[in-house]
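These notes are about the structure you will find just below.
Predicted, not measured: the structure shown is a model, and the values here were computed from it. Per chain, numbering begins at 1; letters A, B, ... match sequence-line order. Values below: every heavy atom of this structure, side chains too, minus hydrogens, waters and symmetry copies.
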Amino acid sequence: MRFTRYLVPTLREDPSDAVVMSHRLMLRAGLIRKESAGMYLYLPLGFRVLRKITDIVREEMERAGALEFLMPELTSADLWKESGRWEAMGKEMIRIKDRNGLEYALAPTHEEAFTAAVRSIVSSYRDLPLNAYQINTKFRDEIRPRYGVMRSKEFIMKDAYSFDMDEAGLERSYQSMRKAYRNIFSRCGIETIPVEADTGAMGGSASEEFMVASEVGEEVLLLCAACGYKANQERAQYRRSEAAPAGEPEDLRVVDTPNVRTIDDLAVFFNCGADRFLKSIVYLADSTPVMAVVPGDREINEVKLKNALGALEVELAPDAIVEEVTSAPVGFAGPMTKKPVRTIFDLSIRTTRNAITGANEKDKHYAGVKAGRDFIIAQEADITSAVKGDACPQCGAALDERKGIEVGHIFKLGYKYTKSMNLTVLDENGKAVYPIMGCYGIGVNRTMAAVIEQHNDDKGISWPMTVAPFQVHLVGIAKSEDEISAVEEIYGMLSNAGIEVLYDDRKASPGVKFADADLIGMPVRVTVGKSYFKDGEIEVKLRRESEIVRVGKDAFIGHVRGLIEIEWGRIS
RNA sequence: CGGGGUGUAGCGCAGUCCGGUAGCGCACCUGGUUUGGGACCAGGGUGUCGUAGGUUCGAAUCCUAUCACCCCGACCA
C-alpha cells in the first residue's frame, strides 16, 4: 500500500480531550476519530487492526468448535420481557420504537436472542453441546463513556453462548473457552491476568475475567504472590483475624459526642484508630431499608452486599430514610436501633468488643460495645472489600493490589435463560430437559486499546506482529528519478513476496517519515536511501529495538521474512 | 445525577476581564529551493467565534437560556 494512496492523518500534537495513552495514540496515529461521546469511527489503518484481532478470535473460536452466527442488533421487546430483563436492564439499554409503535432494544448483549434462536432451531440432545457465537456491535448507554474506545456506547464484542445437557458438559465448554481466551489474548500479544469475578446481572456461578494490568484500568484486582489467588475486588475475599481485640472488656456506656458524625471526626474525638468503630450505613435494597454494619476502617462492597441480601439493586438510602430508620439525625447510626430493621453484619463483626458506635440518638455514641451482648448478629456475610495488605483467603499471605482493564469475561450462566425462556431439548429418553448455559465475551475494541497500552513508547505505538496493520513500513529517501525507481523496485519485491507493506512514497523530509513510522508503529521498518544507492545496503530495523541491520538486495526478502517469522513466533 | 472545566480554521491554542470589522503555530493548497530524525522562501484562508435570544450605533467579548464535549465522583456484564 502506498502512503499517498492511503489515508493516514497523523497528528503532531495530542488531542486535548484524550487522557490515556492508548486513546491519544489511536487518534494521533490516525486509527480512529471521535464521532461523538462514546462513539468512534475506524479509519482504514485502525480497521485493519480490528480485523486482525477478529481474525484471531475467529480462528480460536472455530478451533474450540464454536459456530459463528450473526444476530440482529434490533431486538424486540418481547424477547427481553420473556427473560424479565426489559425491566432489569434499566437505562443502560437503548430502547426505540418503530412506526407502528413496536418496541425494540438496540442489543446490549444477546443472551435472549441466542436462547430464542436455539429454542426454535434445536430440539434434540443430539445437537448439543452447542457453542454459538458472533462478532457484532453492542450498544450500551453508559452513564459515563470514557477513555476513548475503552468504554464506549457502541462497541464490538465477540459473544458466545454454550448450551450443554448437564453441568459436566458446561464445565467442558467453560474450560474450552478458558483455553481459547488464553490463546486469543496471547496471540494478540497481551498479557492477561485471569481473575475470579462477580457474576453480576447475568446470573450464574463460576466466573472469570481476563484483565490487562494497567494504571488506567477501571477494575481493582487483588493478587496473592504466594499462592496465585487472583480476584476482582468486587469478589475478592480476605481472611479476618480470629483473635479477640486486646484490652479489658468494658461495659456498655453512652458518650456525649456533640456534632461528631463521621469516622474521621470520631477518630479525632476518641483519639483512636478507625478500626475501633462500627460503621453503620443504611441502604435501600430493592427499595427496602437495610442497615449494613462493618468495621470503621473498611469500605462496604456493594456487589457483595447485593449478593448477600439477594437483592437486584442496592443504593445508599436518602437522609430522610436514614433518620426514620435510626430515629436520629444522620451521623449517629448504630446496630442497636430502637425500631426493628433488617441488619446485616460483616463477618469481622462477630469478634467485636470495646467498640464505639452510633447510639441512634442525636449527639450520642455508645462505647464499650460488644457483639452478641449488646446486639445480636442475625445475619452476617462478607460485605467489605479486600484491600492491599489483607490476608489471602487461601494462604494468609499479604494480598497485593493492581488496576486492570477487563478485556474478556467468561461465566457459567446456569439455567437462568433456558428456564425463563423455556428452552428445552429432548434427551435420549424422550424427556424434555433444560440445557445449561455458559456465556463468554471479549471486547474487541477494548482489546485493541489494551494492546496499545502494553506496546508503546514515547515515540508511539509498537505493534505486535500478529495484530499490526502492516508487517513492514518502507521508508524511501530518494531524490532523483533513478533513486525513486530503485525504491519502487524494493516495494515491488516486498509486495510480490506477499508481505504486507506500507510504503511511504511521500515527498516529505526523512524526519517526518521516520517520526510517522515510529508513531504508527509497524513492527519492521525498511529504509531505502543513500546507503542503498551508494553501497547497495537496505536498512532493516525492528520498531521495538534500536539496532539497524544492513542487507544486500539478494538477501533482503529472506531476511525480512525471517524477521516476520521470528516476531510472529515471539507471540504465538 | 453531583462537583469542576472547555467550546474560536482539520489539530493545538491566543483574543473575552476592559465591546470597535477574526488572530498565532502546525496541517492544507500553488510555485520554487531542499532531503538521513518533525526543512526553507514567497503566495493562499479553508471560520455561522457551539446554538438561540437579548442589551448596544456596534458583541467572540456583556446578559439569559440552551446544547455539546472533557475530568473527578456516583453508577455500570
Would you say [N] has OP1 or OP2 under 4.0 Å from some side-chain N or O of [X]?
| X | N | result |
| --- | --- | --- |
| A/Y147 | B/rC72 | yes |
| A/S509 | B/rA39 | yes |
| A/R12 | B/rA27 | yes |
| A/R146 | B/rG73 | yes |
| A/S16 | B/rG12 | yes |

Out of [options], which has the shortest distance to the side chain of [X]?
| X | options | answer |
| --- | --- | --- |
| A/I143 | B/rC76, B/rC11, B/rC75 | B/rC75 |
| A/R33 | B/rU35, B/rG10, B/rG12 | B/rG10 |
| A/A515 | B/rC76, B/rG36, B/rG37 | B/rG37 |
| A/T527 | B/rG12, B/rG36, B/rG37 | B/rG36 |
| A/K138 | B/rA77, B/rG36, B/rG25 | B/rA77 |
| A/V512 | B/rC71, B/rA39, B/rC69 | B/rA39 |

A/K459 or A/A18, whichever maps to the more 5' nucleotide of RNA chain B: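 Closest to the 5' end, via its nearest nucleotide, is A/K459.
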Which residue lies more 5' along RNA chain B, comparing A/R144 with A/K479 via nearest heavy atoms: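 Its nearest nucleotide being more 5', the pick is A/K479.
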Atom [atom1] of [X] and atom [atom2] of [N]: how far apart are they, to the nearest Å?
| X | N | atom1 | atom2 | value |
| --- | --- | --- | --- | --- |
| A/K34 | B/rC71 | NZ | P | 8 Å |
| A/K507 | B/rA39 | NZ | P | 17 Å |
| A/Y161 | B/rA77 | OH | C1' | 10 Å |
| A/I538 | B/rG36 | CD1 | C1' | 16 Å |
| A/L284 | B/rC75 | CG | C1' | 15 Å |
| A/Y417 | B/rA77 | OH | P | 11 Å |
| A/E315 | B/rC75 | CD | P | 10 Å |
| A/I300 | B/rA74 | CD1 | P | 14 Å |

What distance, rounded to whole Å, do you find between the two [atom1] atoms, one in [N] and one in [M]?
| N | M | atom1 | value |
| --- | --- | --- | --- |
| B/rG15 | B/rG50 | P | 14 Å |
| B/rG25 | B/rU8 | C1' | 15 Å |
| B/rA9 | B/rG3 | C1' | 33 Å |
| B/rG12 | B/rG37 | P | 29 Å |
| B/rU66 | B/rC57 | P | 28 Å |
| B/rC63 | B/rG44 | C1' | 39 Å |
| B/rA52 | B/rU61 | P | 12 Å |
| B/rC13 | B/rA60 | C1' | 15 Å |

Spacing of CD1 belonging to A/I156 relative to OG1 belonging to A/T54, to within rounding of 0.5 Å: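 So the gap between those two atoms works out to 7.5 Å.
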Ionic contact status for A/K81 with A/E87, cut-off 4.0 Å: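 Answer for the salt bridge query: no.
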Note: A/R28-A/D14 ion pair, threshold 4.0 Å (strictly below):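 Salt bridge between A/R28 and A/D14, a charged N being under 4.0 Å from a carboxylate O: yes.
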Aromatic ring pairing A/F470/A/Y6, orientation class (parallel under 30°, perpendicular over 60°, tilted between):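 Aromatic pair A/F470/A/Y6 classed perpendicular.
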Parallel, tilted or perpendicular: rings of A/H473 and A/F3 (30°, 60°):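 Plane angle between 30° and 60°, so tilted.
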Nearest heavy atoms of A/E219 and A/E234, plus distance in Å: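 Residues A/E219 and A/E234, closest heavy atoms: OE1-OE2, 4.4 Å.
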Aromatic A/Y174 / basic A/K412 pairing, under 6.0 angstrom, 45° off normal: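 Judged by the rule, A/K412 and A/Y174 form a cation-pi pair.
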Any N/O donor-acceptor pair, A/E13 side-chain to B/rG38 base, under 3.5 Å: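 No pair found.
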